[in-house]
Amino acid sequence: KEDKGQRSLTWASDSIAKDTKARESCSSKSMCARYDDAIGAMEKRKSRHETRLARFKEDVAKDCKAP
């Protein structure tokens, strides 16, 4: 689960970077708005992935400490 979560987090970060770069060169107001919406949605998604990944890491740490 932790590995899958890390891949999802990496994908979200890459997507934000790609959309941010595209946003810098957009030419119309509607296109820029779509990029802004996509970036905002992906940032929320990234936050959820980070929270989930932290929880998985805590669970692994607890399981490793348990006798």
Side-chain angles (χ1 to χ4, degrees):
K1 284 185 175 183
E2 184 179 346
D3 194 38
K4 183 178 178 183
Q6 187 62 49
R7 283 194 311 263
S8 295
L9 184 59
T10 301
W11 178 81
S13 296
D14 291 346
S15 181
I16 290 170
K18 182 186 76 166
D19 286 345
T20 301
K21 186 174 180 176
R23 169 65 172 88
E24 293 171 359
S25 63
C26 67
S27 57
S28 70
K29 194 173 187 177
S30 63
M31 182 183 276
C32 292
R34 280 191 298 244
Y35 281 124
D36 289 339
D37 291 343
I39 291 167
M42 195 55 64
E43 286 174 346
K44 289 178 186 176
R45 185 179 216 174
K46 181 181 175 186
S47 176
R48 288 192 309 262
H49 286 307
E50 288 171 340
T51 302
R52 191 177 307 136
L53 186 60
R55 191 171 45 232
F56 289 151
K57 287 181 179 182
E58 288 173 7
D59 290 345
V60 168
K62 287 178 186 176
D63 289 344
C64 289
K65 288 182 181 180

Asker: Which atom names give the shortest non-hydrogen contact between His49 and Ser8, and what distance separates them?
Answerer: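 That would be CE1-CB, 3.4 Å.
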Asker: Rounded at 0.5 Å granularity, tell me how far OG1 in Thr20 sits from CG in Asp36.
Answerer: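 Separation between the atoms: 9.0 Å.
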Asker: Given side chains that start at C-beta, do those of Met42 and Trp11 come closer than 4.5 Å, heavy atoms only?
Answerer: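 Side-chain contact under 4.5 Å: yes.
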Asker: Taking atom OG of Ser25 and atom CE of Met31, what is their separation to the nearest 0.5 Å?
Answerer: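 The CE atom of Met31 is 8.5 Å from OG of Ser25, to the nearest 0.5 Å.
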Asker: On a heavy-atom basis, which atom in Leu53 and which in Gly5 lie closest, and how many Å separate them?
Answerer: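 Where Leu53 meets Gly5 most closely, the heavy atoms are CD1-C, 4.2 Å.
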Asker: Do Glu43 and Ile39 make a side-chain contact, defined as non-hydrogen atoms from C-beta onward lying under 4.5 Å apart?
Answerer: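 The answer is yes; the side chains approach within 4.5 Å.
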Asker: So how far is it from Arg45 CZ to Ser13 OG, rounded to the nearest 0.5 Å?
Answerer: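 Rounded to the nearest 0.5 Å, the CZ-OG separation comes to 12.0 Å.
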Asker: Donor-acceptor pair, distance only, cut-off 3.5 Å: does the side chain of Thr10 make one with the backbone of Gln6?
Answerer: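 Answer holds: yes.
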